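The structure presented is a predicted model; accordingly, all values stated were derived computationally and were not measured. One-based numbering along the sequence shown.
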Amino acid sequence: MDPLALTLIELGAVVFCLGLLARLAGRVGMSPIPLYLLGGLAFGAGGIVKLEGMKEFAHVSGEIGVILLLLMLGLEYTAAELFTGLRRSWQAGILDLVLNFLPGAALAYLLGWGGVGAMVMGGVTYISSSGIAAKVITDLGRIGNRETPVVLSILVFEDLAMAVYLPVLTTILAGVSFLGGLTSVGIALAVVSVVLMVALRHGHHVSKAVHSENSEVFLLNVLGAALLVAGVASAMQVSAAVGAFLLGIAISGATAHNATRILEPLRDLFAAIFFVAFGLNTDPSSIPPVLGWALVLAVITAATKMATGIWAAKQAGIARPGRFRAGATLIARGEFSIVIAGLAVASGAVPGELAALATAYVLVMAVLGPLAARFAGPLRAMQPPAEVAAKA
């Protein structure tokens with residue numbers, strides 16, 4: 001068959017099936033991420049049917065999906081909100097980092113994956129899924145609950161930690177010398193710091209540069225800027241995803257709101273393809289040997305996230321039901337964990353078993369998180385405070 005025809009047929013079939021999976025996930029009240037990963041496993045290496053025609057397209061589309069995920073995450077915050085969230089939640093954020101990074105890192109050492117594997121798995125188990133958490137809060141009517149600002153503050157701390165972690169991880173995965181690594185990390189952190197300061201003081205200029213009343217022009221400006229910044233960031237040894245995240249932070253006000261609205265369909269499409277592409281590159285037969293470890297990690301890190309949320313909510317003077325709701329909302333892992341594992345596996349610096357473990361872990365946590373949040377307490381929501389309502 002003609003290669004172009006084969007690519008179009010496979011791509012059309014995959015996208016159509018993704019729509020069916022998203023509909024199914026919506027009906028049962030769960031995140032579609034586990035179903036996307038299962039779809040990729042079914043049609044990748046070792047799956048039911050191996051898709052060859054769309055492999056190259058899926059790789060590029062997956063990269064764009066990561067960029068859009070991080071760009072739109074950045075659009076949710078201004079630089080000032082990031083710094084404010086950091087000041088409010090630094091103690092809970094550090095507790096969160098310690099409790100949830102260590103289990104993944106310890107398991108990586110136990111499995112013989114060394115320091116690089118520990119750095120990767122620590123990140124996989126540390127970061128909560130902002131997308132799933134936001135959906136849980138909205139779907140369960142908890143936007144106005146007293147614990148919601150606590151949850152958002154911890155998520156902001158994690159996002160800011162990712163802005164530092166990803167450049168460092170990218171440098172480590174590149175396998176450069178110690179001196180070269182220090183230089184690269186220094187450059188990465190300097191770039192992140194400079195961009196954050198520019199976003200804080202001159203974000204309105206960035207917003208003005210990409211804004212347009214014409215939706216077509218606006219879309220092209222924002223998407224083009226995101227890809228350009230991501231490419232430049234990658235060339236400077238800063239993660240392309242982090243570059244997009246920082247651009248999102250720099251865009252604020254009505255421009256950020258309009259960009260979110262206009263980019264959302266593209267984000268959903270390319271992000272779905274990213275999760276499928278990750279599954280395509282993972283052999284399903286490699287999951288059963290690590291499933292036990294994934295379940296162990298799931299139990300431990302569900303408990304550590306609960307502990308984080310309970311402690312943070314207690315410090316804020318929130319009653320016991322709200323503490324448990326805060327902890328349960330943080331349990332889910334998703335897009336960031338897969339992004340981290342994808343970067344590591346693509347570099348070739350970690351064994352393929354890590355991808356299988358990360359996939360199994362995210363599958364469990366993306367299902368467990370929303371279920372735990374649903375049964376953690378009553379679904380009643382209080383009248384939303386002004387700042388939380390504005391944020392929503």
Side-chain angles (χ1 to χ4, degrees), residues 33 37 40-41 44-47 55 58-59 62-63 65-66 69-70 97 100-127 129 158 161-178 180-182 184-185 188 234 237-242 274-298 300-301 333-366:
I33 292 175
L37 289 171
L41 290 171
K55 190 173 183 180
H59 174 72
E63 291 296 320
V66 174
L69 278 170
L70 273 291
L97 175 60
N100 294 285
F101 190 93
L102 288 180
L107 180 60
Y109 273 116
L110 182 63
L111 295 177
W113 294 345
V116 176
M119 185 72 174
V120 174
M121 281 306 302
V124 169
T125 57
Y126 162 56
I127 185 75
S129 171
E158 291 183 352
M162 284 294 105
V164 176
Y165 169 83
L166 286 178
V168 174
L169 178 65
T170 303
T171 302
I172 292 174
L173 293 175
V176 296
S177 65
F178 179 75
L182 287 179
S184 299
V185 170
S234 181
Q237 299 181 340
V238 179
S239 167
V242 169
F274 164 72
F275 292 117
V276 170
F278 187 85
L280 288 173
N281 294 322
T282 304
D283 189 341
S285 63
S286 66
I287 290 182
V290 298
L291 184 58
W293 288 118
L295 293 174
V296 170
L297 267 185
I300 293 173
T301 56
R333 271 61 158 197
E335 60 276 5
F336 257 126
S337 298
I338 294 298
V339 168
I340 293 168
L343 289 173
V345 173
S347 73
V350 297
E353 290 86 352
L354 189 148
L357 177 57
T359 300
Y361 175 74
V362 170
L363 283 171
V364 173
M365 299 302 280

Go through the structure and list residues passing side chain to side chain donor-acceptor pair (under 3.5 Å) with Y126, not counting sequence neighbours.
-> none
Nearest heavy atoms of Y109 and A118, plus distance in Å | CE1-CB, 3.4 Å
Identify the heavy atoms of S337 and V362 that sit nearest to each other, and give their distance.
-> CB-CG2, 3.7 Å
Which atom pair, heavy atoms only, marks the closest approach of A298 to V364?
-> CB-CG1, 3.7 Å
Any idea which heavy atoms bring A358 and I338 closest together, and the distance?
-> O-CD1, 4.3 Å
What distance separates L354 CG from W113 CH2, expressed to the nearest 0.5 Å?
-> 4.5 Å
What are the two closest non-hydrogen atoms of A360 and A294, and how far apart are they?
-> CB-CB, 3.7 Å
Working for side-chain contact (heavy atoms from CB on, under 4.5 Å), residues I127 and Y165 = CA-CA 11 Å; I127 185 75; Y165 169 83; over 6 Å; no
Among pairs that include at least one residue of residues 355-366, which meet side chain to side chain donor-acceptor pair (under 3.5 Å), considering only residues two or more places apart or in two chains?
-> T301-Y361, R333-Y361
Determine whether L357 and V124 make a side-chain contact, defined as any pair of heavy atoms from C-beta on separated by less than 4.5 Å.
-> no
Test side-chain contact (heavy atoms from CB on, under 4.5 Å) on T125 and L107 and set out the steps.
-> CA-CA 11 Å; T125 57; L107 180 60; over 6 Å; no
Nearest-0.5 Å distance, CD1 of residue I287 to CD of residue E353 | 12.0 Å
Given M121 and L297, is the side-chain contact (heavy atoms from CB on, under 4.5 Å) satisfied, shown in steps?
-> CA-CA 10 Å; M121 281 306 302; L297 267 185; 3.8 Å; yes
